[in-house]
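Contents: one structure, followed by commentary.
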Amino acid sequence: MQEKIIILDFGSQTTQLIGRRVREMDTYCEIVPYNKFPKEDKSIKGVILSGSPFSVYDENTFKADLAEIRGNYPVLGICYGAQFMAYSNGGNVEPAGTREYGRAHLTSFDKENPLLKGVRENSQVWMSHGDTITAIPAGFTKIASTDKVEVAAYQVENEQTWGVQFHPEVFHNEDGTQILKNFVVGICGCKQDWSPASFIETIVKELKEQLGDDKVVLALSGGVDSSVAAVLLNRAVGKNLTCVFVDHGLLRKNEFENVMRDYEHLGLNVIGVNAKDKFYRELAGVSDPEMKRKIIGKGFIDVFDQEAHKLKDVKWLAQGTIYPDVIESLSITGTVIKSHHNVGGLPEKMNLKLCEPLRLLFKDEVRRVGRELGMMEHLISRQPFPGPGLAVRILGDITPEKVRILQDADDIFIQGLRDWGLYDKVWQAGVILLPVQSVGVMGDERTYENAVALRAVTSTDAMTADWAHLPYKFLGKMSNDIINKVKGVNRVTYDISSKPPATIEWE
Ligand code: XMP
């Protein structure tokens, strides 16, 4: 059985980060709502209580019953998690002054305590909560103070229970990883044996049991998640998996053909559907971005549904849903607040059971699994690309000619980034076709043609992004190449907006 750490989520923005840090120690963990502790699970080695946007004394604060947890498993409370345990055992928690926020340094601490082994004198920690523990309950021992906070960490006497008021999971904590490792490995005794290879072995076995001889259908997008899901399922059920890859006519230049070839090399059973005309027809004259998205989403479902109906006896719909989608789709009271089907609405409509083999993996783990499965690097390290594709990069209405212009310009830019060794340095890049014509001269002739914007951003999660500071020389070369080679473009601009307040896409 795969041993694991359970992270009880009290709603903090850094809960996912705790999960990532634990996984980075090659230890499996699951994030569950604070009131959904899986007490039947026999493979739990320890429990972490996350932070929270609430204060312990807020009326609507999240209160967990820890009676069956404390004493039975090692427990580490982080920030609110630490305050909650202190407060509910008779300690004092009070609003902190601004002085206690942000950067602080561990000035005195118990170097022998198993949680703090290897932590350096004056190590920097990061406090983010608006509250602070001003008195710990009887039976709790202070094990660390900072220059600003008296009780920065505590342990419950004769119990494997700790609390830290800072956030060891965030980057600014110099010895945060050491502290988490002390807990996960030193205290909980996790063996650090979670690896892509062990994941593949376990999941393939589980998929074989779950799916038996049933037929499965999966929609491929050309992106990393759906591709890795397909290769995993192919290992488990072979030809019982049929993949459908729809060309909506808004992919990058030659993307459909290239990706189809890759999929065939991977041994996947893929039906490629050329539905360009349908999409161009339905999109004709539509300028509103949300309308474009709706038309493409619905069109996609129609095409996929039609193909799936041609297959006999399909029982399962597989999707490349990954862990951040799953976490985001659960409110911490356990109700679904946002459904994250990659192919929205399909399962309901098709009456199929849902199979999501990657639902417990983070993005970087999906990539590691893909590499372990022997997939080509260019499929694995591909930049994100929006589902509606070039439709949201052609501002205004869409015509096949505009798609052609944009594909040609985009191809020069993306190939240029690769040739100059810049592709892997940016999170995402592409070209936007603007609804603007401007005057130019070519040879002796006056031209009146389209302007395009190049967009390249750096980011770690697409939530925030900065414009990539690409070399002027490179930008100059791209501008020349695009204007000289792409018929219909006579002006190139570079987008230097960051997100927020701009977004990555223009629509
Ligand atoms: P924005 O433009 O909101 O984009 O900063 C953040 C990330 O999401 C991608 N994106 C989409 N992906 N369907 C998708 O599958 C969409 O409608 C869509 N809109 C934006 C965008 O490319 C970036 O990676």
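Remember, it's 1-based here, ligands and their atoms both numbered in the order they're listed.
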For D288, salt bridge (charged side-chain N to carboxylate O under 4.0 Å, His left out) partners two or more places apart: none
If the cut-off is 4.0 Å to any non-hydrogen atom of G387, which atoms of ligand 1 fall inside it? 12 (N), 13 (N), 14 (C), 15 (O)
May I ask you to list the atoms of ligand 1 that are less than 4.0 angstrom from any heavy atom of T503? 1 (P), 2 (O), 5 (O)
Sub-3.5 Å N/O-N/O distance, [X] and ligand 1:
X    : answer
W427 : no
I504 : yes
R393 : no

All pairs passing ring-ring contact (aromatic ring centres under 6.0 Å, His included) where residues 449-476 contributes a residue, at least two apart: W420-F474, W467-H469
Between R393 and E505, is the closest basic N to carboxylate O distance under 4.0 Å? yes
If you draw the axis of the six-membered ring of W126, does the NZ or CZ of R103 fall within 45° of it and under 6.0 Å from the ring centre? no
Could you name the option among R293, K499, E505, Q383 that has the heavy atom nearest to atom 6 (C) of ligand 1? K499
Specify whether Y80 and F10 have parallel, tilted or perpendicular ring planes, treating 30° as the upper limit for parallel and 60° as the lower limit for perpendicular. tilted
among protein heavy atoms, the one nearest atom 9 (C) of ligand 1 is P386 CB, 4.5 Å
